[in-house]
Structure formats: structure tokens, C-alpha cells
**Q** 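Before we start, here is the structure in question, set down as C-alpha cells.
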Amino acid sequence: MTQENKGYAYLPEDLLVQILGKIPETADRLATSIELNNEQATAARRVLKERDLIRVCPDGNHTESMMAADGACIVEHKTSADILLAIAVGVDGLSDEDSSTWPEGERQYQHWQAVLPHHVANPRLSQGIMFLMELSILAGNDREVKIMDGSHLTSILKLNSLLSANDQDAADQPYVQALSDFLHENYEKVIPDIPNIIRDAFSDSAVVGLTKYSSSREIIDTVLRETQIDMDDKVFMSIVLNENEYTKPLTVGQCRKERGMWKNVHMKCNLEIEGVDNDSELNPCLEEAIAPFKITDNHESELYFCYYKPNSYSSAHRIEIKQELALDSGKLEKMFRSVKRQIISPEIREPYPQYLADIIAKNISFGMEAINQAISHNPTLNTQKNFDLIFPYRTN
């Protein structure tokens, strides 16, 4: 029976055949997207060298005092309510020395779980609390290099989303109460203390942001705008940089798009918090916490970025650093060498503590499975009357 006269599809076989038919075209498009001819690469590298934007990290000392933090969150939509679970972990890097203890009084790992009525804002809550826990683990640690998984901008946007859930999602009192309970139980803090958590991490020059994915074109759209290169900076630098080379740190906001983001970035709370005047108390403190990174007519950002290629077989890493580290080449290159020593094989694409923290965080699903097991054995919930309410709202 030909495709034209078939009156009924044999799923999923016919669908798979259709997908397979387009695969060669998709592969060709990917190949085209990363194609950079020798002439383009040579010309671009020449421009970067002439402007002293490519530098070589020399041999020298390093530190094994390194850690990374990562987190994960899940919202399980039951028929009766939402179950929220978030975790964050800190993992030390590989070392020839004996394992050192975590600083006294500080957490190496943390979790939060809650049951809330169905609400569209619940994912904002779980994700925002996850970022707060990550920042707390980073700020409370004493390692020389502390890797934040992702960009500083992402953290700001997610925390702003957490605190501004009244904008579109109309977060209600259970949302605010859950956030308040989390802060009180874990830090003996209240919502107005959140700026301190943010400031502690963002002001620490030991905290560096390593992004696994970045669409930024800050260098290509400025220094190399005449080259007509159709890829992002991270892909381009992975091709052009040689082993142990890095780009001179530049302040974020080099191109119009990125500059606009760092001009407009903000953090504002519109949650209804009893006894708190957001406009006069909380919001000025939130803006103060991120002010060093913002771009204004009178101020360039104190957050810098650079690309570093540790090995010939690895891609370039986009690393966000504070001004103190960016302006001290000795400390900067020590950090690069330390990161390189934590990249142990081509199969693991990031520094080992970042890789391991990510693996641990992904195991959050086991935590949710344990919660579900406890729910199913609860004598109140496993009755015939309530049994259907503990299942997800749709069939798995």
C-alpha cells in the first residue's frame, strides 16, 4: 500500500520513517552551522591577536581547593495538590590531599519539600528556592575556587521570577508562606534577608560562573563584526583558540543585545509580605545587591567574561568572573590551571566537581519516588475514598 492511498497510519512506525527521512538534511544543517573556513578563522584570529585579546596561560602553580554547586527541582502535579521538591549540593574537586571538612556551620547539601495547592506560580517557587540554596552553599564555603553552574544573569532572572510572582501568575498566600517557612527553617531568616544571601555570593571573587551553554555573541558582534561569522562566541572560540589559550577578560555588555540586558536587569519583589513595605525596604536592597553588575550611563558592569580552552580536545569554556579576579592576571591564570587539572577525560566536558554536582542533582527523581512511596502508604491517603487523589493528574 503506497503512502498516497493509505487510509490509516501505522504508528509509531510510519512516524519514525518520516523522521528518518529528514535526518540527513538536519545533519547537513548542523554541519553548516559550525563551518568556519580556514580563511575566516585565520583572519578572525589575526584581529583578536592584534587587539591583545588572545593570551596564553603559562605553566605555574594551581590549587586543588575547588568546589562546585548545582541544584535541581521537581513539581509533581497530583490530582489533589502539587508536591514541590528542590535540592542543592556542593562537591569538592579531585585532590591529592585528604578530604577536607566543610566549613563548620555551613551546609554542603540542602533540600526543601512542600505540598501546595495547584498554582501556576509553583514552578517559580521551587526553582527560585533551588537558586537560593545554591548561592548559600557557594557563599558559605571557603574553597579558593567556587564554581557556579551557569551564568550570573540566569540566577538574577530566576530569583527575580521568584520574588515577582504577582506580576502574571498572581502568587497567593500559600506561596508566600512556603517561601517564608523555607527561609526561617533553614537560615533563621525572613524574606527581606534575601538580598544578603544574593550579595554574599555575588560579591565573592572566588565564585566563578561556568556556563555549559551560551548563545552570547559579544565578541563576534563587536570586535569581529566584519567577519560575518554565523555562530556564537563559545562555538567560535572552541574552534579558534589553541590549548591553554584564553581571551582577555572583558566586562559583560560588549554588544548592543547584551548591553541592553544588563541595563534592564532588575530584581523587584511584589509579593504581599505582612509587615514589609517592598518599595521602601526590600526592593532598594535587592537592587543594591545586583548594582555592581548593572550597566548604567555612569557605570560599567563589574562582572567580566572570558573564554578558556584547557585542552586541544576540549571546547572553550565561557567563564564569568568578578572584577578583582579579572584584573589580576596571576590569580586568573592560577584559576585556569586549576580548572584544567579538574578536566580528567574527553568524556567529561566540564571540571570534575561541576560534573559530579550535576550528576548528584539529577538524582532528585529518586527523592520524589521516595516521597511517592510514603504517600502511597499513608493510612489516610491510601483509602478507597482518597486513593485517586494521590495519583498524578494525568496517566503516566
Side-chain angles (χ1 to χ4, degrees), residues 48-49 51-69 90-97 100 102-103 106 134-135 137-153 155 198-211 214 216 218-219 233-234 237 241-254 290 292-293 299-311 314 316-344 350-354 357:
L48 295 173
K49 292 284 284 185
R51 301 198 183 188
D52 191 31
L53 291 177
I54 293 183
R55 300 177 176 183
V56 178
C57 181
D59 293 337
N61 62 338
H62 69 280
T63 180
E64 294 179 343
S65 177
M66 179 183 294
M67 59 81 65
V91 176
D92 273 325
L94 298 170
S95 175
D96 292 331
E97 305 294 329
S100 56
W102 217 252
E106 301 293 343
E134 286 184 42
L135 292 182
I137 289 172
L138 288 166
N141 193 267
D142 60 358
R143 306 311 191 244
E144 289 185 45
V145 180
K146 299 186 275 191
I147 298 174
M148 178 175 69
D149 189 83
S151 69
H152 289 75
L153 182 62
S155 291
I198 298 168
R199 189 184 299 109
D200 287 346
F202 281 5
S203 63
D204 188 347
S205 63
V207 175
V208 301
L210 263 69
T211 55
S214 172
S216 174
E218 292 195 75
I219 294 178
D233 283 349
K234 192 173 187 298
M237 290 302 172
L241 291 181
N242 296 323
E243 183 173 354
N244 290 327
E245 288 185 337
Y246 67 95
T247 61
K248 174 185 175 181
L250 301 171
T251 57
V252 296
Q254 291 292 312
I290 64 172
F293 297 163
H299 178 261
E300 291 298 313
S301 177
E302 296 173 25
L303 183 67
Y304 287 64
F305 74 95
C306 57
Y307 293 90
Y308 169 58
K309 186 169 182 176
N311 299 291
S314 65
H317 296 270
R318 178 184 167 95
I319 307 179
E320 293 179 353
I321 54 180
K322 313 304 190 305
Q323 187 176 65
E324 178 184 343
L325 187 58
L327 301 182
D328 189 327
S329 60
K331 290 183 179 178
L332 179 66
E333 290 170 351
K334 180 181 179 181
M335 182 269 289
F336 288 146
R337 290 189 291 266
S338 303
V339 166
K340 177 174 181 173
R341 289 181 65 90
Q342 296 292 329
I343 300 174
I344 56 176
E350 53 272 317
Y352 185 76
Q354 187 179 19

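Just so we're clear, the structure is a prediction, and the values are computed from it rather than from any experiment.
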**Q** Taking C-beta and beyond as the side chain, do D233 and T247 meet within less than 4.5 Å on heavy atoms?
**A**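 Side chain of D233 against side chain of T247, heavy atoms only: no contact under 4.5 Å found.
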**Q** Apply the test side-chain contact (heavy atoms from CB on, under 4.5 Å) to residues E333 and Y246: give CA-CA distance (whole Å), side-chain angles for both, the deciding distance (0.1 Å), then the verdict.
**A** CA-CA 9 Å; E333 290 170 351; Y246 67 95; 2.7 Å; yes
**Q** If you measure from CD1 on I290 to CG on L153, what distance do you get to the nearest 0.5 Å?
**A**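 Reported to 0.5 Å precision, the distance equals 9.5 Å.
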**Q** For D59, does the CG atom have more than 12 heavy-atom neighbours from other residues, nucleotides or ligands under 6.0 Å away?
**A**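 It does not: D59 CG has 12 such atoms or fewer within range.
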**Q** State, to 0.1 Å, how close A139 and A201 come at their nearest heavy-atom pair, and which atoms those are.
**A**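 That closest heavy-atom pairing would be CB-N, 3.9 Å.
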**Q** Identify which one of C57, P58, P310 satisfies the side-chain contact (heavy atoms from CB on, under 4.5 Å) criterion when paired with F336.
**A**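 Testing F336 for a side-chain contact (heavy atoms from CB on, under 4.5 Å) against C57, P58, P310 leaves exactly one candidate, C57.
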**Q** Looking at A68 and A357, what are the two nearest heavy atoms and their distance?
**A**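 Answer, listing the atom of A68 first, then A357: O-CB, 4.1 Å.
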**Q** side-chain contact (heavy atoms from CB on, under 4.5 Å) between L325 and V208: does it pass, once the steps are laid out?
**A** CA-CA 9 Å; L325 187 58; V208 301; 4.0 Å; yes
**Q** Taking NZ, NE, NH1 and NH2 as the nitrogens, is one of them in E144 or K334 under 4.0 Å from a carboxylate oxygen of the other?
**A**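 Answer for the salt bridge query: yes.
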**Q** Start with the C-alpha gap between M237 and L48, add the side-chain angles, then the distance that decides, and say whether side-chain contact (heavy atoms from CB on, under 4.5 Å) holds.
**A** CA-CA 11 Å; M237 290 302 172; L48 295 173; 4.0 Å; yes
**Q** Not counting sequence neighbours, which residues clear side chain to side chain donor-acceptor pair (under 3.5 Å) with H152? List them please.
**A**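 Residues passing side chain to side chain donor-acceptor pair (under 3.5 Å) with H152: E320, K322.
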**Q** Nearest 0.5 Å, please: how far is CG in D149 from CG in L138?
**A**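 Interatomic distance, L138 CG to D149 CG, rounded to 0.5 Å: 10.0 Å.
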**Q** Enter the distance from T211:OG1 to F305:CZ here, rounded to the nearest 0.5 Å.
**A**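 It is 11.0 Å, given to the nearest 0.5 Å.
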**Q** What's the separation between atom OG in S214 and atom NE2 in H317, rounded to the nearest 0.5 Å?
**A**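 It comes to 13.0 Å.
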**Q** Of R337, Q342, R341, which is the lone residue that meets side chain to side chain donor-acceptor pair (under 3.5 Å) with H62?
**A**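 Answer after filtering R337, Q342, R341: R341.
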**Q** Among residues at least two apart in sequence or on other chains, which ones pass salt bridge (charged side-chain N to carboxylate O under 4.0 Å, His left out) with E218?
**A**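 Listed in chain order: R318.
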**Q** Give a yes or no on whether a salt bridge exists between E243 and K340, defined as a side-chain N under 4.0 angstrom from a carboxylate O.
**A**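 Between K340 and E243 there is a salt bridge, with a charged N closer than 4.0 Å to a carboxylate O.
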**Q** To check you understand the geometry: which heavy-atom pair defines the closest contact between E324 and S205, and what is its length?
**A**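 Heavy-atom minimum between the residues: OE1-OG, 3.4 Å.
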**Q** Do other residues, nucleotides or ligands put more than 12 heavy atoms under 6.0 Å from the CD atom of Q323?
**A**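 Yes - once you tally the heavy atoms of other residues, nucleotides and ligands closer than 6.0 Å, there are more than 12.
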**Q** Under the side chain to side chain donor-acceptor pair (under 3.5 Å) rule, collect the residues that match up with T251, sequence neighbours excluded.
**A**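 Residues passing side chain to side chain donor-acceptor pair (under 3.5 Å) with T251: Q254.
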**Q** First locate atom CG of L250, then atom OG of S301, and finally report the distance between them rounded to the nearest 0.5 Å.
**A**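 The CG atom of L250 sits 11.5 Å away from the OG atom of S301.
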**Q** Are M335 and T63 packed together at the side-chain level, in the sense that at least one heavy-atom pair is separated by less than 4.5 angstrom?
**A**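 No; the side chains remain at least 4.5 Å from each other.
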**Q** Considering residues at least two apart in sequence or located in another chain, which fulfil the salt bridge (charged side-chain N to carboxylate O under 4.0 Å, His left out) criterion with E350?
**A**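 Partners of E350 under the salt bridge (charged side-chain N to carboxylate O under 4.0 Å, His left out) test: none.
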**Q** I want to check something: taking the side chain as every heavy atom from C-beta on, are L332 and I321 in contact at a cut-off of under 4.5 Å?
**A**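 Contact flag for L332/I321 side chains = yes.
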**Q** I'd like to check the side chain to side chain donor-acceptor pair (under 3.5 Å) partners of K234; sequence neighbours left out, ordered by chain and number.
**A**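 For K234 there are no side chain to side chain donor-acceptor pair (under 3.5 Å) partners, ignoring immediate neighbours.
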**Q** Could you check whether any side-chain heavy atom of M67 comes within less than 4.5 Å of a side-chain heavy atom of I137, counting everything from C-beta outward?
**A**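 Yes - at least one pair of side-chain heavy atoms lies under 4.5 Å apart.
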**Q** How far does CD1 of I147 sit from CG of L210, to the nearest 0.5 angstrom?
**A**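 Between atom CD1 of I147 and atom CG of L210 there are 5.5 Å.
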**Q** Side chains of V339 and Q354: does their closest heavy-atom pair fall under 4.5 Å?
**A**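 Counting from C-beta outward, V339 and Q354 never come under 4.5 Å.
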**Q** Over all heavy atoms of both residues, which pair between Y308 and I319 is shortest? Give the atoms and the distance, please.
**A**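 Answer, listing the atom of Y308 first, then I319: CB-CD1, 4.2 Å.
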**Q** Apply side chain to side chain donor-acceptor pair (under 3.5 Å) to S95 and list each qualifying residue two or more places apart in sequence or on a separate chain.
**A**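 If we apply the side chain to side chain donor-acceptor pair (under 3.5 Å) test to S95, skipping adjacent residues, the hits are E64.
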**Q** Any side-chain heavy atom of S314 within less than 4.5 Å of one from K309?
**A**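 Of all side-chain heavy-atom pairs linking K309 with S314, at least one is under 4.5 Å.
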**Q** Determine whether L241 and I54 make a side-chain contact, defined as any pair of heavy atoms from C-beta on separated by less than 4.5 Å.
**A**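 Yes, at least one pair of side-chain atoms sits under 4.5 Å.
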**Q** Please give me the minimum heavy-atom distance between Y307 and A316, naming the atom from each residue.
**A**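 Minimum heavy-atom contact is CB-CB, 4.5 Å.
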**Q** Mind checking whether L135 and F202 have side chains closer than 4.5 Å, heavy atoms only?
**A**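 In contact.
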**Q** Minimum heavy-atom separation for P249 to C306, with atom names?
**A**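 Closest pair (atom of P249, atom of C306, distance): CA-CB, 4.1 Å.
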**Q** Is any NZ, NE, NH1 or NH2 atom of the basic residue among D92 and R143 found under 4.0 Å from an Asp or Glu carboxylate oxygen of the other?
**A**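 Between R143 and D92 there is a salt bridge, with a charged N closer than 4.0 Å to a carboxylate O.
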